[in-house]
Amino acid sequence: MSLNKYPAEPFRIKSVETVKMISREEREKVIKEAGYNTFLIKSDDVYIDLLTDSGTNAMSDRQWAGMMIGDESYAGSINFRHLEETVQDIFGFKHIVPTHQGRGAENLLSQIAIKQGQYVPGNMYFTTTRYHQERNGGIFVDIIRDEAHEAWMNIPFKGDIDLNKLQKLIDEKGAENIAYVCLAVTVNLAGGQPVSMKNMKEVRELTRRHGIRVFYDVTRCVENAYFIKEQEEGYTGKTIREIVHEMFSYADGCTMSGKKDCLVNIGGFLCMNDDDLFAEAKELVVAYEGMPSYGGMAGRDMEAMAIGLKESLQFEYIEHRVKQVRYLGDLLLKAGIPIIEPTGGHAIFLDARRFCPHLQQDRFPAQSLAANLYLESGVRSMERGIVSAGRNKYTGDHHRPKLETVRLTIPRRVYTYRHMDLVAEAVISLYKRRESIKGLRFVYEPKQLRFFTARFEETD
Ligand code: PLI
């Protein structure tokens with residue numbers, strides 16, 4: 001085994017938070033009361049919390065120090081200027097509009113860049129992203145390569161856009177009917193799969209020929225850059241910073257949820273090069289978020305974000321991050337557990353179709369698997385399948401994604417390898433009694449983004 005197959009934590013721990021495990025009887029009560037929805041469990045009833053990597057990051061001592069120099073002026077905060085310079089320098093975009101989190105940026109972009117009835121092609125959907133696109137009259141079209149929908153297929157850069165699908169859409173609908181291409185790096189719901197630099201370049205060339213804009217969802221861009229450095233020819237010798245900078249040179253702008261790769265607990269932003277679009281975004285941000293110099297964040301949050309973004313580019317940090325996730329994936333694969341392969345940047349995705357082959361998708365196998373994992377071990381995970389996908393806005397039927405998964409999402413700088421061992425043991429033990437996992441049915445189904453607050457009961 002090479003020395004850095006699973007590198008040790010590149011930090012030492014200065015402040016700790018106690019976790020505790022409640023009894024199985026208590027967990028049984030908790031999951032029933034939560035309507036079999038892990039989003040509705042109280043955090044102090046959770047032992048290891050792998051619900052999400054969003055806003056769950058541990059900040060560094062330097063970020064906490066930065067919080068103390070928060071400038072909470074209503075306008076013109078010094079911390080915004082620090083954040084703005086940092087983002088301009090690293091990402092290379094001309095303008096930045098701060099927002100309270102990623103979906104705030106998605107809301108603004110969708111309002112200013114989509115006209116009623118226009119298509120928004122993207123490399124697989126994300127829940128809030130598609131919600132805002134559709135809410136503003138857009139029609140989402142999935143143009144990710146086919147392989148991304150196959151959990152078992154272990155090939156690099158499964159997040160790539162299929163250029164033939166994009167070309168076909170342009171030919172059929174006309175370039176003027178495409179609002180922009182939305183390219184996510186990495187692709188969350190495909191398993192945290194990266195996009196290659198080659199693909200980004202090709203998407204740029206194709207869209208330039210047709211005068212179509214490209215906006216990236218850069219929520220996990222540093223993780224994407226690590227995969228490029230590790231696996232794409234010609235990038236081994238480049239720094240993560242250089243790779244990120246090159247990635248964004250092929251885009252017109254981006255949305256960012258700072259709660260992931262900016263290593264903070266709250267915040268986001270929207271970037272663009274176009275001056276007119278920036279003027280529109282600035283007019284809207286005051287209505288939805290706040291002044292263009294804070295956009296829903298406190299000064300201290302912006303300072304922590306500027307520092308966090310720089311820290312995330314350090315090779316030791318991102319190498320450990322990606323490899324800790326891979327460690328958990330390797331443990332599960334060794335035990336024969338079906339997961340999305342290859343392991344992505346932020347999470348392990350259990351393949352509920354192969355884990356619970358006795359359950360039809362309409363019985364919400366991944367939702368039930370997540371509930372049962374909590375019951376088994378106190379480990380909280382999240383459904384990423386038919387429940388998350390919601391219903392077709394026009395037909396009212398369920399979207400039925402091929403990937404029916406449970407996401408074990410690893411917060412950044414929070415858990416150790418030993419925690420990963422415990423999670424693997426819990427999943428393996430549940431796998432042994434997998435036939436006992438029952439299906440579910442809705443007892444409450446919200447109209448929008450239903451997975452957050454839906455309630456279920458078990459079926460026979
Ligand atoms: O949670 P927000 O509003 O800061 O960001 C929305 C968002 C946008 N794009 C992508 C790829 C995301 O993963 C994302 C949020 N993700 C969450 C909350 C998650 O648990 O994955």
Side-chain angles (χ1 to χ4, degrees), residues 37-39 41 43 49-57 97-110 120 122-135 140 142 144 148 159 182-195 215-224 247 251 253-271 288-289 295-297 301-302 304-305 308-309 325 340 344-349 366 370 380-385 387-390 403 405-412 414 448-453:
N37 185 349
T38 52
F39 276 98
I41 300 173
S43 64
D49 203 347
L50 306 187
L51 182 72
T52 179
D53 62 329
S54 180
T56 52
N57 300 311
V97 182
T99 58
H100 72 285
Q101 58 184 83
R103 66 200 72 182
E106 291 168 348
N107 176 31
L108 299 183
L109 178 65
S110 300
V120 190
N123 51 347
M124 204 172 267
Y125 85 103
F126 184 71
T127 53
T128 58
T129 319
R130 188 178 66 191
Y131 172 76
H132 282 294
Q133 289 165 354
E134 290 180 345
R135 194 163 172 264
F140 170 78
D142 185 7
I144 201 167
C182 176
L183 191 152
V185 287
T186 59
V187 187
N188 187 350
L189 298 190
Q193 303 297 332
V195 178
F215 284 93
Y216 286 5
D217 177 341
V218 302
T219 294
R220 295 183 180 85
C221 58
V222 184
E223 289 166 11
N224 200 102
M247 282 163 60
C254 70
T255 54
M256 172 57 134
S257 167
K259 302 170 73 171
K260 285 81 163 174
D261 272 0
C262 292
L263 296 175
V264 289
N265 307 119
I266 194 71
F269 51 84
L270 169 65
C271 293
Y288 288 96
E289 306 280 330
M297 285 183 278
D301 297 329
M302 294 189 282
M305 188 184 275
L309 189 52
V325 175
I340 294 189
H346 67 304
I348 296 301
F349 288 66
R380 172 154 71 171
S381 56
M382 184 196 288
E383 191 266 6
R384 297 275 73 162
V387 178
S388 295
L403 293 176
T405 66
V406 168
R407 192 182 69 178
L408 303 165
T409 337
I410 316 302
R412 296 169 186 77
V414 172
Q448 322 287 354
L449 298 170
R450 62 186 183 179
F451 58 96
F452 283 126
T453 53

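Just so you know, ligand 1 is whichever comes first in the structure, and atom 1 is the first atom listed for that ligand.
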Exercise for the section: Could you pull out all residues at least two apart from Phe452 that satisfy ring pair (Phe, Tyr, Trp, His ring centres under 6.0 Å)? Expected result: Phe39

Handout entry: Within 6.0 angstrom of Arg450 CZ, more than 12 heavy atoms from elsewhere
Key = yes

Practice task
List in chain and number order the residues that pass salt bridge (Lys or Arg N to Asp or Glu O under 4.0 Å) with Arg412, two or more places apart in sequence or in another chain; answer none if no residue qualifies.
Solution key: Asp53, Glu223, Asp261

Fill in the blank from the handout: Contact set, ligand 1, heavy-atom distance under 4.0 Å, ordered by chain/number, equals Thr52, Ser54, Gln101, Gly102, Arg103, Glu106, Phe126, Thr128, Asn188, Asp217, Thr219, Arg220, Ser257, Lys259, Lys260, Met382, Arg407

Practice task
Check the side chains of Asn188 and Arg407 for a donor-acceptor pair under 3.5 angstrom, ignoring hydrogens and angles.
Solution key: yes

Completion exercise
Contacts of Thr38 meeting side-chain hydrogen bond (donor to acceptor under 3.5 Å, both in side chains) (sequence neighbours excluded), chain-then-number -> none

Handout entry: Test item: Met297 and Met305 side chains (from C-beta on) under 4.5 Å apart, heavy atoms
Key = yes

